[in-house]
Amino acid sequence: MRTIELQGISKTFPGVKALQGIDMLIHPGEIHAVCGENGAGKSTMMNILAGNLQPDAGRISINDQIVSLQSPQEAFEHGISIVHQHLSLVESLSIAENIFANQQPTNRFGFIQYKLLRQKTKVLLDQLDIQLDPTTTLSELSYAEKQMVEIAKALSKNPELFILDEPTASISAKETKILFNILKNLKQKGVAILYISHRLDEIFQIADRISILKDGKPQGTFPVAEISKELLIQKMVGRTLEETSDQSHRTGEVLLDVKNLSGEKFTNISFTLHCGEIIGLAGLIGAGRTEIARAIFGVEVKKGGEIIFKNESIVFDHPEEAIERGVAYVPEDRKHLGLFMDMSIRDNIIAASLKNARDGNLFSSAKATNMASSSKQSLNIAATGVDQIVRNLSGGNQQKVVLGKWLLTNPDVLIIDEPTHGIDVGARHEIYKILSKLASQGKGIIVISSDMAELLRLCDNIIVLKEGSKAGTLSRQDATEQKIMSLAAN
Amino acid sequence: MLKKILQDRVYSLLVLLAAISAVASIVFPSTFPTFENFRQILLNLSIDTIVAVGMMILLISGAFDLSVGSVVAFAGCLTAYLMHFFGVPVPLAIMAGIAGAMVVGLVNGFLIAYQGINPMIQTLAMMGIVRGMALMVSGSGIQNLPYWFNTIGQSKLLGLQMPVWYMLLAVLMFTFLVNKTIVFRRFYYIGGNEKAADLSGIRVKKMKLWSFVISASLAGVAGILLSSRLGAALPTMGRGLELRVITAVILGGASLSGGFGKIPGALLGALFMGIISNIMVIARISGYWQEIILGIILIATLWLDKFLQKKYADLR
Amino acid sequence: MLKKILQDRVYSLLVLLAAISAVASIVFPSTFPTFENFRQILLNLSIDTIVAVGMMILLISGAFDLSVGSVVAFAGCLTAYLMHFFGVPVPLAIMAGIAGAMVVGLVNGFLIAYQGINPMIQTLAMMGIVRGMALMVSGSGIQNLPYWFNTIGQSKLLGLQMPVWYMLLAVLMFTFLVNKTIVFRRFYYIGGNEKAADLSGIRVKKMKLWSFVISASLAGVAGILLSSRLGAALPTMGRGLELRVITAVILGGASLSGGFGKIPGALLGALFMGIISNIMVIARISGYWQEIILGIILIATLWLDKFLQKKYADLR
Amino acid sequence: ELPPRNANKNTEVITSSRDTVITNEEYVMVTTAVTMPMYVNHDQAAFKKWGEKMGVKTSILGPADWDVPAQINTIEEVIGTHPTGLLINGTDPAIAQVINKAVAAGIPTVVYDSDIPNSNRHAFLGTDWYEIGKMQGEEMAKLLNGKGKVAYMGILGLTNMESGFQGLLDVFKRYPNIQVIGKYDDKANVEEAARISSDLIAANPDIAGICGFDSNSGPGIALAVREANKTGTIKITTVDWEPEHLQLVKDGAIQMLAGQKRELFTWYGAQFLYDMVHHTNKMANNDAKAGITSVPYIINTGLLKITKENVDEFVK
Ligand SMILES: Nc1ncnc2c1ncn2[C@@H]1O[C@H](COP(=O)(O)OP(=O)(O)OP(=O)(O)O)[C@@H](O)[C@H]1O
Ligand SMILES: Nc1ncnc2c1ncn2[C@@H]1O[C@H](COP(=O)(O)OP(=O)(O)OP(=O)(O)O)[C@@H](O)[C@H]1O
Ligand SMILES: [Mg+2]
Ligand SMILES: [Mg+2]
């Protein structure tokens, strides 16, 4: 049983006051949600609790004992373990070795026991209901599967304070359900849980209390019962979000026609995307949604089938062609596939449209800066400037940068894999607006998402995939979470 | 401004160079700060720098090439061989020499980019192969090259020997290309994140292939200049040059992991090494002391650079 | 099983080696497959392999060390110096020699891990410094080393000279440590993803420091063995060894970007190189052809390895 | 502006006609591989000793590794510092130009070791490497009484060494029963030399003799021969007489050393410079005006033949 108290925690990064005088009390056996916009300082706070960052001011006490958490190791020793927003996994190692990193089970001579390691891993994976061999190399997993491994890793430490930084951003309803059951159990056991998510429904579903951050400043803590969604958003964003009408812009004109497309991980996928239409791809982890997108975009070779784009059969053998023809793909794994972490926001945003950043035939940094700045404006990315290094952005703002990059290519067909992956309500709202605006301009959009609310809200048609094949299509009218789940699961 | 100096290696190196030169000028007023001396320093680093420009491009894109030293020798020897034994006219022979270098670059680039061979071993193996070929064509070296060939590297302009001008040309040209053309900017993206670059529509493999061809060609040019300057082609030319050049380039702000570096950095890195060794010659430091002191200075420089950056981060 | 062979370099290399040896035994039945020949091959690669084991650990953790060649010379010379000029008893002198090597490793590790100096330049600079120190202590080399010292490297066991046994010991010991102990396992995490390793509670800097100390110490041991085997300590020992060793290690399955590699790979890589050059001599390939053909074989090997992996990926 | 068309071949350029007393004289030796023990112990030691005796400043400069272009760079930079006299190691014909430059700058310039005939150097002292090869050939032929398999190794691509190889081969041409089985590059590295030798022994159990041409060849070959228990049965001739070489002759591992009188190169070379500067022997009223140089033009210091018989005379 631990009661964790934060007093006057402050943290400043070059150019940013990430946290300013945070006070917070986390009781054992409560699920304590932390809400805030992208860049509000949530992850920073969690990293401080996890011993990964050192606060400039303030103190942390556990059961009224002031503790100093100089390193992750010390945090573990105090029973604190965290599911990182940016996964803390090693691609080149097996699932088992990732989960028990630096604490593999050993015999009494201090030698690693691999059999035991595999067994312990299997137990954890079963707990999370993941059908994967513990010896699988991490690099062979999809992003969502990695997310689950990260959760298993944190769980393996039997924490007293369990921190989850946007664990559900990229997993589907099925996994989310499993996760919540586990959290409830831990709660029974008296574990204190800090839970970060931009999916407010989830928060109202499981949280006991909610603390709100804005621009690094505390906005108070409320029992869920005492705060409405509207008020929460109001406090997070500092304004109320006017509801957008999500009327369909679907036209009769066919834009993209996919016929019996087959690839590594999917077979006989057919669908038609009309101008102004938003199609959703739903499915559980590993359903093959990403692979379909990659096949259309020309990253992976298709095994069979035909893609007809603007009434002509096309095969992109490289994304370059896809981009030139007006197809864009926002990948799921922003860190590895989306971003140039050590480059500036500007260079990231113009990456896919370098040709437009020219003045005559020559590259013009002024022009590039303008392009980037306007995207930064329209997506309102929270950063010190377009010259800031992307690595130092908050998760959500990084996602906005990736989006900005692809919107700048102004595509006719936009494929987005987990579009609001880690994006706050405000920004999510903006992105939805952007998407329906694009649709209204007659563009076709394919949304791959594990957030069903999102699909239901955005899509004219939802294609549900199951183990790589089409399990059914639901139109906006008759789509419900239950229907999607039943198609996707059994 | 201060930010620039403290953050950007190119500037901090410039400052450091100025400081060192100032000190040297006070200690050796009659020998160091003379036009002759600097003309000589520049001439002596011109060959390395031309190779370094190509290496900088490779490092920006996250690769490197250990075979450049051998290519220097091979290009020089091949050119000399054709002129000397077959009386091939100078321009043709030179083109053949550069072509030879390009082929080496093509092979490296193809096997690394398209076949996924490990760059380190590929270029290391190539280093042996090409050195062997240099020995094959030139035996123990080829003397008395045609007068007109020698003029390329030996004639002077405004008191500076031609290689210096070629070096400056290469540096300026590629600085411009890298800053001002889309094609060359792509190397930064490839070095920054290969997968993301590919998904952003950059043909990574093709670009990688080219980066090796470019650096090999520059090495070829350097080799031809060197043998023209020497008036002879030696199979031993450019031994250990690869490490020297990579050192200069990293000193100039590049990183083996890619994504960083500016072309002028290549020149500055080479200049730094050149001035240090020149000062050691003037100070008559030699034998093992020369190796020890050079090593210490190298480490000290990088340490200072890190120190400045920390200072900057704090002061911000 | 097939998966293992096709995927894991250690196995594919083993298979390849077996194949090559088989062919060589058929073509040169009287000279290649003899005990004497293999005894000598092993003896000649023992020194390199001991260094390669340390280098493998460094590459697994995502670093490398160019100064090992110089450390080999320095440790040997320092030991000989103490024994010869100060009559220091053999065991003490050896300890001093290894200690000297460790200090080099400490300096490298500290400046790289804690001061963030670029590893490439740090170890390159150290290579010069330490070579210089070797020359300083040994001048032109030291002869007439104590009998008991020479026995270390010259005595035989079961027909194999001691260095071979020490090599096998080192390989087995570190294979075991790396597979079975958490401490050594950490190097894979650090090489695979430094940030993640840090978040997993691994003290990355400390471990990095140690990795350099380990590899330097092994280089020290190798140097002492070499001079004991030679019966003399020469300041020129271990020239160019660093590249030879890195090649062997990468051939053995490591990658410059870290996270990959197995200790036995170091031995296999060295063995591969050893057998190839042995066969070339037997096949009467000499002069510059040696370099050319060795290079081609190296590339061909890696190409084949890639090819097998692709095949495997398809067939799975 | 274009370079001179070396028209004025072998017309001796006049030395400094400074009759005034020279203040703070400094004599500079520029070599390559400045840390090579053979150079340090013989050339450089004698040169320093001479300086002390004459009470003038002596400096030794040059790159640490065998790098002729770098030696040229050093000479160029030294010329800028106007030394009293230049003593240059004739590493390669390619240094002719810079020698001429020095001479043109009025600096007395003496070449030692190998001659640079196509230059305007004032004097040369040294030996003809062709003779070294011949001497080894003759001795080897004698040791083998004219029949058997022989291999030789050295550093490939060096002019002087290649002519040494030539001398060797020309001798063997006269012995039809001597079969030359190969030429190998030991990269001036003991381990390489040992590896190649033992591979050779494995490949040709009946190999009768091995000749070495750089100072690391001898110890390496001897090591391999010893480890194959063929000491004495396989004959070894090699160059250089470092302590370890002498030791090996005493042990009967090496049958003959073809040594150079390197001390004489630099001692008298320096003396020549001194005499030129001081006009010790005036021939004309003004040698300069008369267009003569008052020192010998070419001196062949002859070779040392060190065998078991006379070795003890050399052991210090
Ligand atoms: N290493 C860093 N260097 C500089 N600034 C940083 C660094 N890490 C975070 N920041 C800044 O601190 C602020 C808070 O970042 P943090 O990651 O805590 O936000 P967050 O609440 O987690 O947002 P998100 O919901 O998008 O994850 C952001 O403005 C971010 O740009
Ligand atoms: N980079 C990859 N390398 C190897 N296998 C992968 C990779 N990405 C995904 N997979 C595998 O392909 C299958 C489909 O993955 P994919 O990402 O398409 O699933 P998904 O339907 O997109 O679900 P999610 O996107 O939520 O992970 C998964 O079983 C996963 O293991
Ligand atoms: Mg966050
Ligand atoms: Mg996916």
Side-chain angles (χ1 to χ4, degrees), chain A residues 12-16 293-294 297-299 316-325 327-344 347-365 368 384 387 389-391 402 405-406 408-409 411 417, chain B residues 2-4 6-9 59-62 113-114 173-210 253-263 309-316:
Chain A
T12 310
F13 292 110
V16 194
R294 289 166 67 89
F297 194 55
V299 188
F316 299 132
D317 64 15
H318 190 278
E320 185 187 26
E321 295 173 2
I323 293 166
E324 272 166 6
R325 298 295 300 280
V327 178
Y329 167 61
V330 183
E332 166 183 35
D333 182 347
R334 66 169 166 251
K335 198 168 159 197
H336 293 108
L337 305 179
L339 290 167
F340 305 89
M341 278 288 179
D342 292 308
M343 296 175 105
S344 66
D347 290 342
N348 269 277
I349 287 183
I350 63 166
S353 32
L354 283 170
K355 289 202 173 67
N356 309 346
R358 280 182 309 184
D359 195 347
N361 280 327
L362 297 182
F363 174 79
S364 148
S365 51
T384 51
D387 288 333
I389 300 302
V390 167
R391 183 179 296 284
V402 183
K405 172 171 97 180
W406 288 107
L408 208 53
T409 65
D417 204 342
Chain B
L2 181 65
K3 162 174 175 164
K4 265 205 150 78
L6 290 174
Q7 275 237 300
D8 188 335
R9 181 69 65 78
L59 267 92
I60 288 173
S61 72
Y114 288 87
M173 189 173 99
F174 280 95
T175 308
F176 174 81
L177 287 172
V178 166
N179 290 335
K180 279 297 178 184
T181 67
I182 301 305
V183 179
F184 278 81
R185 286 209 73 76
R186 293 191 183 130
F187 289 121
Y188 284 99
Y189 290 96
I190 295 171
N193 180 346
E194 216 172 298
K195 284 193 186 138
D198 202 51
L199 284 176
S200 306
I202 296 171
R203 294 204 184 252
V204 173
K205 290 179 175 178
K206 204 173 91 204
M207 293 306 293
K208 277 187 151 183
L209 174 63
W210 279 112
S255 124
L256 278 182
S257 48
F260 299 98
K262 295 198 173 74
I263 297 294
Q309 282 179 24
K310 281 207 201 73
K311 269 272 151 297
Y312 164 71
D314 302 348
L315 133 187
R316 189 176 154 198

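Proteins come first, then strands; the chains are lettered A, B, ... in the order of their sequence lines, and each starts at number 1.
- The minimum heavy-atom distance linking A/Lys405 with B/Ser200 is given by the pair NZ-OG, 2.9 Å.
- Ion pairing between A/Glu321 and B/Arg203 holds under the 4.0 Å rule for side-chain N and carboxylate O.
- Contact check on B/Lys180 versus A/Asp359 returns no salt bridge, with no Lys/Arg side-chain nitrogen under 4.0 Å from an Asp/Glu carboxylate oxygen.
- In terms of heavy-atom pairs under 4.5 Å with chain A, the best-connected choice from B/Gly191, B/Ala197, B/Gly192 is B/Ala197.
- Heavy atoms of B/Arg185 lying under 4.5 Å from chain A belong exclusively to its side chain.
- The two residues B/Asn193 and A/Phe340 come nearest to each other via the heavy atoms O-CE2, 3.4 Å.
- Contacts between B/Asp198 and chain A at a heavy-atom distance below 4.5 Å involve backbone atoms as well as side-chain atoms.
- In this structure, chain B has a heavy atom under 4.5 Å from the side chain of A/Ile323, while its backbone stays farther away.
- At least one side-chain heavy atom of A/Val299 sits under 4.5 Å from a side-chain heavy atom of B/Leu199.
- Of the inter-residue distances, the one linking A/Asp342 atom CG with B/Ser257 atom OG reads 8.0 Å to the nearest 0.5 angstrom.
- Proximity of B/Ile202 to A/Glu320: side-chain heavy atoms (C-beta onward) are nowhere separated by under 4.5 Å.
- When the shell of 6.0 Å around CG of A/Asp317 is examined, it contains more than 12 heavy atoms from other residues, nucleotides or ligands.
- For a residue to count as touching a neighbouring chain, one of its non-hydrogen atoms must lie under 4.5 Å from one of that chain's; by this rule B/Tyr188 touches chain A with backbone and side chain alike.
- Closest non-hydrogen pair, B/Ile182 versus A/Phe363, comes out as CD1-CD1, 3.9 Å.
- Counting heavy atoms from C-beta outward, B/Lys195 and A/Asp333 have side chains that stay 4.5 Å or more apart.
- In this structure the side chain of A/Ile350 reaches within 4.5 angstrom of the side chain of B/Tyr189, judged on heavy atoms.
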